[in-house]
2 protein chains.
Amino acid sequence: MCYGFYLTYLIREKEPGALSRAGEDAVRFMALSDSGRGDPRQTLRLLWRGLAEKPGKPARGRKPRITADQIVSAAVSLADRERLPAVTMEGVAAALGVGTMSLYTHVPGKAELMDLMVDAAWGELDLPAEPPARPEGWREQVQLYARETLALYRRHPWLREITTVRPPLGPGLLGRQEYLLSSLADIGLPARQVTASAGAVVAFVDATAGFEAEHQHAHEVTGQTEAEWWAARQSFWEDLFDPPSYPTITRLWAADGLAGSTAESVAEAREFGLRALLDGIEAAVRTPPTGR
Amino acid sequence: MCYGFYLTYLIREKEPGALSRAGEDAVRFMALSDSGRGDPRQTLRLLWRGLAEKPGKPARGRKPRITADQIVSAAVSLADRERLPAVTMEGVAAALGVGTMSLYTHVPGKAELMDLMVDAAWGELDLPAEPPARPEGWREQVQLYARETLALYRRHPWLREITTVRPPLGPGLLGRQEYLLSSLADIGLPARQVTASAGAVVAFVDATAGFEAEHQHAHEVTGQTEAEWWAARQSFWEDLFDPPSYPTITRLWAADGLAGSTAESVAEAREFGLRALLDGIEAAVRTPPTGR
DNA sequence: AGCTTTTCCGTATGTGCTACGGCTTTTATT
DNA sequence: AATAAAAGCCGTAGCACATACGGAAAAGCT
């Protein structure tokens, strides 16, 4: 999750000056869940497999029983249903009715499969580029992004479990970036702040959407409701929590005005925060804060 | 990462009405990296092991060679140096010079160890409760939180790799919540918006700090600089990127005004976003947005 | 000394990724 | 046709890791 500053990458680097040849990438660190090691060229070709379906292919050899697309969507539905740990090469292969190792004919490895899953998911966003469907003001456009992202995370809560510093350069994420940047490009900010504000929006929206989605799915997957989770920890309040040490928590607890379900509170924080963020961006348009 | 709405939990649930007895929690889903399954009681006791060092302990049986604290800090330094995947029970035990299985005497399992690591890390935050060291205005207090959090993530970039919907109820996280809530409790917002704004702040600050930290450490760990990473993907720009399909990205790229290193851009987005968020909260104080 | 309690840890099991290499299927060449 | 070449399929095996189990070792108690 937190593709926060992806756009930063997208924009900044054009320098063709290669350094390490890197036909074989250094083993990428794995965080959250892994994503993209191996030969980046190959992964890129897979990410953009929609294009470049080379037409005059000789097509020799055995006919493939499965395609990369099928593998990706099988993996995605597995993850949708049972979360990321359930996505094993065995499981995906079984879902397709082939042997485990057959997957490796179409996909370099699990990390690359993750990249493909991520980009496929982001590609689902419906962010119209043209006025009929596209909302009018930039605020509305950003809010559409926020809504779509929340819906996306709800459909695919596992998105949150895959890191993306140095994310897949695929059409899905690229499309998202284009949309957001185009929304913010001409509101009157200097270029630098266009990037900054877009980065801030993505960071906030992704974080809150991811959290909310995971929160909701936690119940479905564990079979444990939030109330049950708390109940199992009731001894905390009885034995360990020391009110004088935490006066504000205690006070707010006593005041209680907050009520509502946790889900509601989370949603409120999301709404409130996004509005505040947009207000702040708007203020920056009127009065350049740093005066750059 | 994204402890976003932790405070929501902390405040909302007091209902003692237990549901499932749950001496044995349902297997908790693992996201990002796992955290906390097993008997919550035992984990809680470990989290608060600082207190409750029962004084009149008979102290029978073999003397322990290691303590939970030692295990946690060994795990933390391992993670600091080599990231989360390097934290294996074997590795931690080896660092302490004991057999692998000895760890299980002091810690129920790896998931619980993660919880302990997380709470220990958050406990490092230096957030003074009293005026001498504590800044004056609430904005400054929140900014102090942001600075401290950024520093924390830089020290412990693996924090980002551990999920925390339903996080460990330990002193570290509790302390953080108390600080933030106390900063925002009396600025003039209704209780409900105190929670919302605190949630928004935590979501944003955590997301950006986590991203920035991971970004920086990516280089150190992989040995691959960002430039190298891009170089390995140069073929993307040459063969796959279609400028007409992404006009804004192309335009901003051409404009280039953004310059600076990616690290700078990330930092800018963080600063810009936090300022905007605080501005928005301040505006909400003056003019209740929903009028609740 | 013998008993109890607590800790230590070797072994074994299960899960998961993936390298390897043989096999099958399909097309091209002679 | 017969043979070669290409492409895909997948069984086996190796390795890494968490952890259940159970016995050995150490410390105090009676």
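Throughout, a chain's letter reflects where its sequence line sits, starting with A, and its residues are numbered from 1.
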Can you measure [X] atom [atom1] to [N] atom [atom2] for me and round it to whole angstrom units?
{"X": "A:M89", "N": "D:dC10", "atom1": "CE", "atom2": "P", "answer": "14 Å"}
{"X": "A:E90", "N": "C:dC17", "atom1": "CD", "atom2": "C1'", "answer": "8 Å"}
{"X": "B:K110", "N": "C:dT15", "atom1": "NZ", "atom2": "C1'", "answer": "14 Å"}

Audit row: B:I66, B:H106, side chain to side chain contact (heavy atoms under 4.5 Å, CB included) steps and yes/no: CA-CA 8 Å; B:I66 51 175; B:H106 306 276; 3.5 Å; yes
Derivation of the salt bridge (Lys or Arg N to Asp or Glu O under 4.0 Å) call for B:E226 and A:R166: CA-CA 8 Å; B:E226 194 187 317; A:R166 305 186 179 177; 5.8 Å; no
Of residues 72-80 of chain B, the positions that come close to DNA chain C - non-hydrogen atoms, cut-off under 4.0 Å: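 Close to the strand, none.
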Please report the interatomic distance [atom1]([X]) to [atom2]([Y]), rounded to the nearest 0.5 Å.
{"X": "B:L113", "Y": "B:M89", "atom1": "CG", "atom2": "CE", "value": "6.0 Å"}
{"X": "B:R176", "Y": "B:E124", "atom1": "CZ", "atom2": "CD", "value": "14.0 Å"}
{"X": "B:K110", "Y": "B:Y104", "atom1": "NZ", "atom2": "OH", "value": "8.5 Å"}

Closest non-hydrogen atom pair between A:H217 and A:R83, with its separation: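 Shortest heavy-atom contact: CB-NH2, 2.7 Å.
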Nearest heavy atoms of B:T208 and B:V205, plus distance in Å: OG1-O, 3.2 Å
Full working for side chain to side chain contact (heavy atoms under 4.5 Å, CB included) between A:F241 and B:L169: CA-CA 10 Å; A:F241 183 73; B:L169 285 180; over 6 Å; no
Sort me out a list of protein N/O and nucleotides 4-7 of chain C N/O pairs below 3.5 Å, or just none if empty.
unit_1: C:dT6; atom_1: O2; unit_2: B:R62; atom_2: N; d: 3.4
unit_1: C:dT7; atom_1: O2; unit_2: B:R62; atom_2: NH1; d: 3.3

Positions of residues 95-104 of chain B (non-hydrogen atom under 4.0 Å from DNA chain D), listed by number: B:T100, B:M101, B:Y104
Side-chain donor or acceptor of A:S102 paired with backbone N/O of A:V98 under 3.5 Å: no
is_close_aromatic(B:W48, A:F236), centroid dist under 6.0 Å: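 Distance test on ring centres: under 6.0 Å, yes.
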